[in-house]
There are 2 protein chains.
Amino acid sequence: MSGRISPPSVDIRRVAAEAGVSIATVSRVLNNPERVSPQTRTRVLEVAARLGYRPNPNGKRLRKGRAETIGLVIPSPPGRFADSFFLELLAGLGEGLSDAGLDLLVATCPPGSEELACYRRLVEGKKVEGLVVARTRRHDERIAYLLEHGIPFVAHGRSDLISTPFPYLDIDGQQGFYRATQHLLNLGHRRIAYIGAPHDLNFAAHRWAGFQQAMAEARVEVNPAWVVEGDLSEESGYRLAQKLLDAPETPTAILCANDLMAIGVLRALRARGLKGGQEVSVIGYDDIPQAQYTDPPLSTVHQPFRETGQRLVEMLLARLGGVPVTQLQEVWVPKLVLRGSDGPPQT
Amino acid sequence: MSGRISPPSVDIRRVAAEAGVSIATVSRVLNNPERVSPQTRTRVLEVAARLGYRPNPNGKRLRKGRAETIGLVIPSPPGRFADSFFLELLAGLGEGLSDAGLDLLVATCPPGSEELACYRRLVEGKKVEGLVVARTRRHDERIAYLLEHGIPFVAHGRSDLISTPFPYLDIDGQQGFYRATQHLLNLGHRRIAYIGAPHDLNFAAHRWAGFQQAMAEARVEVNPAWVVEGDLSEESGYRLAQKLLDAPETPTAILCANDLMAIGVLRALRARGLKGGQEVSVIGYDDIPQAQYTDPPLSTVHQPFRETGQRLVEMLLARLGGVPVTQLQEVWVPKLVLRGSDGPPQT
DNA sequence: GCACGTAATGTAAACGTTTTCCACACTCTA
DNA sequence: TAGAGTGTGGAAAACGTTTACATTACGTGC
């Protein structure tokens with residue numbers, strides 16, 4: 001009984017025959033219901049439902065010349081786990097897409113040299129009719145490529161060094177860290193260290209700018225020895241914190257460009273018997289789920305991943321619908337969420 | 001210059017004309033190169049390369065009656081982050097698939113009632129020609145459905161309550177926890193608690209069986225008060241550990257059905273000034289990246305996510321190629337990796 | 001030198017849609 | 001009552017492939 005030969009899939013012809021109309025009418029019922037009389041419409045719909053008719057997507061796509069699919073490429077570093085940020089984005093995208101009748105094609109590729117090839121495969125192979133590009137870089141060859149070829153896409157994040165306008169949704173990392181830094185300054189901190197993200201990433205520059213701006217406005221000098229760059233992994237946060245704490249003069253607060261590194265910092269503190277939020281304040285960025293459960297719970301800047309994904313879909317749909325680029329550029333201001341890892345400096 | 005109208009995409013006709021052959025020949029060059037003379041073959045290939053010809057996938061799929069796409073549905077719980085296990089699986093799948101010329105269609109849906117509908121959409125809509133179903137359950141309606149309809153698929157995990165054979169790749173959780181438990185017993189532990197996974201998940205039963213088996217063989221009684229069930233989240237591990245430690249009689253070791261919960265347990269221990277591996281031993285399951293960086297580093301059972309994904313693709317390909325189900329059932333034995341969170345019981 | 005297999009190519013028919021015409025039957029309006 | 005609209009539905013042509021079948025040309029064996 002199982003594994004039986006699949007029944008001859010019902011096609012539009014079958015429905016038409018059964019309903020006593022032409023295939024054109026069946027198609028119309030499904031695509032332009034108002035162009036067919038109510039009686040035949042219901043009759044056809046009834047037959048279609050009874051037969052369980054589902055238009056063959058390939059016939060449809062071929063005829064329409066549309067892929068009805070949007071693409072997302074996820075960089076998967078060979079050694080480490082891929083960033084779970086992408087999974088959240090995926091979840092956000094998924095919802096809106098299925099509503100719009102679009103499919104989501106996911107490609108994974110090692111970050112680096114192969115990446116652009118991956119995009120090429122998708123667009124030149126006509127696999128997708130639009131793309132979401134995530135984690136933008138300052139020089140972003142992917143964006144340059146897509147712009148060059150006129151492929152519809154939306155970016156999650158801006159790309160500062162690309163002059164041609166393109167659709168994006170960005171979270172204002174500058175604002176986020178401006179406020180975070182102000183908060184530390186208000187608490188009385190003056191010796192603030194900064195663990196940044198790889199500088200080719202676009203958000204790295206913004207978050208850094210927010211930090212600098214707040215420091216400058218408060219006329220507090222930034223100590224170059226306390227400005228380091230990590231690779232976004234927990235491990236790198238741990239290592240860099242060790243380094244900062246080994247220096248002759250140590251900071252009273254550490255701002256980290258993402259939560260994973262901040263969690264590494266907390267671990268490094270604990271390893272020396274220090275406690276985040278007491279001897280040293282720590283603030284992260286992202287508000288990943290773990291942030292609630294660290295010890296102490298991590299103060300951070302909240303990124304609404306899921307909502308971002310949903311909005312990106314809307315924007316891509318709009319773009320495909322012909323909405324001009326300039327109306328598809330948004331920057332959201334993130335919220336600072338204070339938990340337990342920040343406090344006044346201990347003198 | 002950017003956003004220019006996309007050039008008229010080159011089709012097979014164009015290549016044929018340019019090379020002075022029929023379209024059939026062009027198609028043959030690409031699909032059955034041996035059936036065309038070397039001279040014309042190279043000529044056609046040359047022209048195709050020059051023009052950047054890429055067969056339109058929709059034409060191809062329509063003609064061949066194949067979707068050339070395999071599907072994966074990821075459950076995305078509304079409140080929490082989706083499990084990053086799926087992202088790793090994705091990465092593993094991705095590699096093999098693109099080599100095989102298959103696309104990967106990803107759907108996300110809230111777990112529960114909607115899930116089967118999601119699968120139906122994919123198969124009945126003829127979007128995919130095969131599926132990977134992950135995180136199998138004991139009663140798995142997804143598997144029942146796919147079997148019923150004769151849709152090719154491979155499962156990551158078995159499904160104990162389904163009698164019809166189906167292709168799967170499973171990691172032997174029973175072996176894994178059998179060994180982990182033996183290890184704890186050998187260290188001298190007798191008061192061992194068990195934080196299990198939701199019992200509808202298939203792996204939950206296996207891991208539990210491994211624990212029980214080892215305990216029975218050692219003639220150590222399992223204390224029912226120390227057997228609890230979590231929901232795989234760090235939070236639930238934390239909460240359940242609190243409960244275990246509040247009881248009048250406390251365990252000297254806690255075995256957790258996944259790493260996330262184990263990490264929650266470590267946190268709970270720390271919250272009361274205890275240290276994992278000293279006052280209480282903790283062993284997890286999965287070997288997620290964080291496991292290396294907890295304090296102390298987590299002892300756990302390693303799951304080779306990436307390799308699993310790669311092998312699943314091979315198996316699915318084989319299945320599509322007609323290899324019989326019985327040859328596509330594998331169980332891998334996992335490795336116990338001991339780090340710092342286990343040690344002899346303190347008397 | 002004739003039949004015959006074989007290698008190389010072309011012709012044309014699918015695959016399942018959507019959509020552009022066109023035809024027909026009405027209903028209005030003049 | 002003729003003419004023009006209007007609502008409804010059918011016929012047929014695409015969309016870009018692959019492939020079954022037909023055709024040609026060429027050796028080979030007798």
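Worth saying up front: this structure is predicted, and the values here are computed from it rather than measured. Proteins get letters first, then strands, A, B, ... in listed order; numbering begins at 1 in each.
Of the two residues contacting DNA chain D, namely B:R54 and A:R28, the nearest-nucleotide position lying further toward the 5' end is that of A:R28. Both B:K126 and B:R35 sit near DNA chain C, but only B:R35 has its closest nucleotide nearer the 5' end. Remark on DNA chain C: of its neighbouring residues A:A24 and B:G20, the 5'-side contact belongs to B:G20, judged by nearest-heavy-atom nucleotide.
Of the side-chain N and O atoms in B:N31, one or more sit less than 4.0 angstrom from OP1 or OP2 of D:dT18. Between A:T40 and the phosphate of D:dT8, there is no side-chain N or O to OP1/OP2 separation shorter than 4.0 Å.
If one axis is set at each end of the helix from C:dG1-D:dC30 to C:dA30-D:dT1 from five pairs, those axes are 60° apart, to 10°.
Counting non-hydrogen atoms under 4.0 angstrom, A:S27 reaches a base of the nucleic acid. Nucleic acid contact for A:R61: none, since no nucleic acid atom lies under 4.0 Å from a heavy atom of the residue. Across all strands shown, B:T25 has heavy atoms under 4.0 Å from sugar-phosphate atoms exclusively, and none from any base.
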List the atom pairs, donor and acceptor, that lie under 3.5 Å between side-chain atoms in residues 93-100 of chain A and the rest of the protein, sequence neighbours left out.
| unit_1 | atom_1 | unit_2 | atom_2 | d |
| --- | --- | --- | --- | --- |
| A:E95 | OE1 | A:Q310 | NE2 | 2.8 |
| A:S98 | OG | A:E95 | O | 3.3 |

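Side-chain contact check for A:T136 and A:D140: no donor-acceptor pair (N or O, by modelled atom type) lies under 3.5 Å.
In the 5' to 3' direction, nucleotides of DNA chain C lying under 4.0 Å from heavy atoms of chain A begin and end at C:dG16 to C:dT20.
Distance A:N32 CG to D:dT8 P: 13 Å, rounded to the nearest Å.
Crowding of A:R50 atom CZ: a count of heavy atoms from other residues, nucleotides or ligands under 6.0 Å exceeding 12.
Here the options are A:F85, A:F166, A:F305, the test is ring-ring contact (aromatic ring centres under 6.0 Å, His included), and the partner is A:H156; only A:F85 passes.
Of all heavy-atom pairs spanning A:A19 and A:V47, the tightest one is CB-CG2, 3.9 Å.
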